[in-house]
2 protein chains.
Amino acid sequence: MTVTMEDIARRTGVSQVTVSRALNNRSRISKETKQRILKEARRLNYRPNAVAAALAKKRTLSLGLVIPDITNPFVAEVTKHIESTATENDYSLVVYITNNDLEKEDASIRSLMERRVDGIIINHSRSNTPIQAIMDLKKEGFPFVLTGVMEGIETDYVMIDLAEGAYQATRHLAGLGHKRIAFLTVDYGHFKQDGYKKALGEGGIDFDESLVIRCRPGLVGIEEAIGKVLAMQDRPTAIFGLNDFQVLRAMEVLDNLGLAVPQDMALIGFDDVMFASHLKVPLTTIAQPMEQIGKMSVEILLKKIEKPTHPPWQVMLKPQLVVRESCGEKLR
Amino acid sequence: MTVTMEDIARRTGVSQVTVSRALNNRSRISKETKQRILKEARRLNYRPNAVAAALAKKRTLSLGLVIPDITNPFVAEVTKHIESTATENDYSLVVYITNNDLEKEDASIRSLMERRVDGIIINHSRSNTPIQAIMDLKKEGFPFVLTGVMEGIETDYVMIDLAEGAYQATRHLAGLGHKRIAFLTVDYGHFKQDGYKKALGEGGIDFDESLVIRCRPGLVGIEEAIGKVLAMQDRPTAIFGLNDFQVLRAMEVLDNLGLAVPQDMALIGFDDVMFASHLKVPLTTIAQPMEQIGKMSVEILLKKIEKPTHPPWQVMLKPQLVVRESCGEKLR
DNA sequence: TCAAACTGCGTATACGCTTACGCAAGCAGG
DNA sequence: CCTGCTTGCGTAAGCGTATACGCAGTTTGA
């Protein structure tokens with residue numbers, strides 16, 4: 001059915017190895033036989049079998065990507081750049097979407113290992129909950145890169161300076177006169193908390209433990225948290241800690257309650273996603289360099305594949321405040 | 001380095017074939033040896049080599065996906081359901097993003113063929129420009145499904161009744177009193193045109209050829225087209241034909257010119273993407289059943305893989321008008 | 001001018017798994 | 001007691017490619 005090197009060899013009167021040499025542009029073959037073989041290959045519509053090549057070379061020329069939610073425009077944009085960088089380097093991308101399900105994340109990574117991808121990029125959504133499959137990758141020396149970090153394990157990663165982002169966000173809010181700024185920690189909260197505290201300090205505002213609210217994952221988590229914020233006596237005037245995608249949900253909740261942004265509640269996002277500037281109330285947010293994140297994670301992974309024993313490459317990228325309207329004017 | 005069935009066989013004193021039987025849960029093996037083998041496999045931390053299995057079985061248990069732009073929330077949402085349906089059936093997904101580049105689309109499909117994925121889902125962005133790689137798929141009997149259609153080739157597909165969608169959209173606009181409705185055709189325009197004309201007819205509005213404007217691909221195409229619309233004497237009061245993602249760009253252009261939606265120009269989208277209801281002016285649009293599109297394209301592809309010679313499965317899904325604010329109230 | 005290097009191939013083997021088939025032992029039925 | 005089926009393995013072959021190595025003939029260099 002499908003044509004193999006053997007077929008071409010038979011028809012051109014050479015050995016399979018010679019065909020391999022011709023097709024892979026190797027030396028030690030004469031111009032003439034090479035041309036003859038290439039011509040015959042084209043005539044037979046030969047398609048190299050990458051599976052067989054992978055088995056022989058122990059290299060699949062494919063990378064794995066594990067992400068929580070492609071529907072989040074931030075993830076989508078990063079994915080776009082991961083894909084383009086991968087294909088530029090002749091790698092294909094095997095994608096798994098976990099929906100924040102840790103079991104599926106674990107299963108996805110194991111599946112990628114069995115499929116013998118050359119390396120894996122993981123956007124691990126919960127920095128503080130380690131996952132067995134990732135520990136295994138580390139232990140077995142399987143090349144992988146984290147987008148973000150996982151606590152308690154020394155790995156290659158590309159991440160954002162979250163403390164810096166949180167600092168900029170909180171400082172912005174404080175500068176506008178907000179004193180009670182609720183801090184919703186969905187994940188990576190502990191990184192952000194440093195920046196949050198620092199900005200409060202500089203603004204002469206005391207840190208209030210009751211203002212930091214731990215969210216459960218998923219959109220319900222957001223709703224619950226907003227509820228808690230609104231129920232507080234001495235109600236906060238601003239909320240920080242959600243990413244743009246989550247802020248969208250928060251806006252919806254507030255809207256349903258007849259509360260206006262930013263008059264009744266200031267909101268600040270994280271990511272600076274495509275639609276952020278197009279919202280009813282354009283979103284003030286912390287921009288992340290998505291192209292860089294994507295590009296660098298692939299580049300680091302490829303380096304790791306070359307030198308698996310090299311000490312971890314770790315990149316920390318800077319985020320940047322983008323002021324729009326969701327935090328409003330100066331208070332009073 | 002990595003442990004194989006051979007290793008397990010040696011350590012348990014059986015043949016490699018017996019190990020294969022144990023691990024793949026085949027019959028003709030005693031409970032005891034099976035347990036012994038499984039235990040040893042676990043002890044050695046054995047990971048099956050899917051590449052070798054694929055070569056032997058001539059089946060990779062992976063599907064290819066070719067999409068134009070993962071950054072478009074419509075595509076992202078469909079992709080999400082494609083992925084989940086694929087993994088539910090033990091398939092992995094190899095994703096290529098073309099950025100509307102036909103050459104990359106062609107290359108992506110060829111790459112997937114060489115990688116011997118069991119089938120391919122293609123979101124071909126230009127229904128009217130056939131692509132050689134797709135013709136080859138067809139000719140060689142390689143299983144694939146189109147999300148949308150390609151003219152001049154009989155294939156399996158899952159698509160939306162675009163004429164119906166266009167009809168609903170145009171009727172809605174006509175019902176609000178719009179007489180001059182610009183029709184921007186980016187792609188699949190000829191399908192939509194039928195519905196557009198039908199609704200005009202019912203509304204007692206003459207079809208005006210000059211109102212249909214062909215857009216070049218990409219965001220610049222949108223800008224140009226908007227420019228043309230605005231430059232027309234007897235300027236149209238509404239624009240139809242763009243998808244939600246493109247409408248976002250249109251809104252931006254209009255906004256920059258100080259034109260208000262819907263007062264100065266009514267806009268209607270296509271897709272009903274996640275952010276549509278959150279925009280400055282919430283978007284009236286034609287909703288597509290994204291989950292169904294994703295699920296069905298995988299299901300059809302899997303059927304095709306089972307029976308490659310079966311006549312094409314072709315599914316036509318219904319879209320639905322969602323009225324919000326971007327077309328405004330009744331005119332006058 | 002002769003050894004050394006290079007050219008253009010072929011043969012053998014490996015990659016890790018699956019599938020077809022063979023074969024001895026055990027067991028049932030007549 | 002013999003036939004025929006079943007159980008529990010093993011052996012052989014194959015999937016399509018890459019790599020190591022060998023070898024005759026030719027070219028190169030001092």
Side-chain angles (χ1 to χ4, degrees), chain A residues 1-38 40-41 44-62 90 111-118 140 142, chain B residues 1-38 40-41 44-62 90 111-118 140 142:
Chain A
M1 194 68 238
T2 73
V3 15
T4 70
M5 287 187 177
E6 197 53 58
D7 298 326
I8 301 174
R10 222 173 301 119
R11 288 171 212 263
T12 60
V14 298
S15 77
Q16 173 260 323
V17 173
T18 303
V19 175
S20 172
R21 276 193 273 255
L23 295 174
N24 293 313
N25 222 349
R26 296 229 174 292
S27 57
R28 286 170 151 274
I29 185 176
S30 74
K31 289 272 180 218
E32 301 79 42
T33 30
K34 186 174 184 173
Q35 287 312 317
R36 205 153 40 92
I37 290 169
L38 291 182
E40 186 66 11
L44 293 180
N45 202 10
Y46 170 76
R47 294 186 195 285
N49 185 326
V51 175
L55 180 61
K57 290 201 293 190
K58 298 180 158 227
R59 249 167 153 261
T60 54
L61 283 181
S62 64
D90 290 320
S111 173
L112 288 169
M113 295 176 80
E114 296 187 357
R115 294 193 133 86
R116 298 296 194 268
V117 296
D118 296 333
E140 299 178 25
F142 198 110
Chain B
M1 197 64 238
T2 74
V3 16
T4 70
M5 287 187 176
E6 196 53 57
D7 298 325
I8 301 176
R10 221 173 302 120
R11 288 171 213 263
T12 61
V14 299
S15 79
Q16 173 259 324
V17 174
T18 302
V19 175
S20 173
R21 276 194 272 256
L23 294 174
N24 294 313
N25 222 351
R26 296 229 174 289
S27 59
R28 285 169 152 274
I29 185 176
S30 74
K31 289 270 179 220
E32 300 80 44
T33 30
K34 187 174 184 173
Q35 288 311 317
R36 204 153 42 92
I37 290 169
L38 290 181
E40 187 65 11
L44 293 180
N45 201 10
Y46 170 74
R47 295 186 194 286
N49 185 326
V51 174
L55 181 60
K57 291 203 291 192
K58 296 175 162 238
R59 247 165 155 265
T60 54
L61 282 182
S62 64
D90 290 320
S111 174
L112 288 169
M113 296 177 80
E114 296 188 357
R115 293 194 133 86
R116 298 296 193 268
V117 295
D118 296 333
E140 299 178 25
F142 198 111

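Quick note on labels: first sequence line is chain A, next is B, and so on, each numbered from 1. Only a predicted model underlies this, so the values are computations on that prediction, with no experimental measurement involved.
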- Go through Ile37(B) and Glu40(B) one step at a time and tell me if the side-chain contact (heavy atoms from CB on, under 4.5 Å) criterion holds. CA-CA 5 Å; Ile37(B) 290 169; Glu40(B) 187 65 11; 5.8 Å; no
- Query: Do Leu61(B) and Arg115(A) pass the side-chain contact (heavy atoms from CB on, under 4.5 Å) test, and can you show the C-alpha distance, the side-chain angles, and the key distance before you say yes or no?
  - Reply: CA-CA 10 Å; Leu61(B) 282 182; Arg115(A) 294 193 133 86; 3.4 Å; yes
- Query: Could you walk me through whether Tyr46(B) and Met5(B) pass the side-chain contact (heavy atoms from CB on, under 4.5 Å) check?
  - Reply: CA-CA 8 Å; Tyr46(B) 170 74; Met5(B) 287 187 176; 3.5 Å; yes
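We find that CZ of Arg26(A) is positioned 16 Å from P of dT7(C), with the value rounded to whole Å. Put simply, CZ on Arg59(A) is 24 Å from P on dG16(D), counting in whole angstrom units. When rounded to the nearest whole Å, the span between CD of Glu114(B) and P of dG16(D) equals 15 Å. Ile37(B) places its CD1 atom 13 Å from the P atom of dC17(C), with the value rounded to the nearest Å. Atom CD1 of Ile8(B) is separated from atom C1' of dT18(C) by 15 Å (rounded to the nearest Å).
Side-chain contact check for Val3(A) versus Asn45(A): every heavy-atom pair is 4.5 Å or farther apart.
Here the side chain of Arg116(B) pairs no donor or acceptor atom with the backbone of Thr60(B) at under 3.5 angstrom.
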- Message: For nucleotides 9-15 of chain C, give me one character per nucleotide, 5' to 3': B if any protein heavy atom sits under 4.0 Å from the base, S if the only such contacts are to the sugar-phosphate, - if neither.
- Response: BBBB--B
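Closest approach of Ala9(A) to Gln16(A), counting heavy atoms only: CB-N, 3.7 Å.
Listed pair Tyr46(B) / dC17(C) meets the phosphate criterion, a side-chain N or O lying under 4.0 Å from OP1 or OP2.
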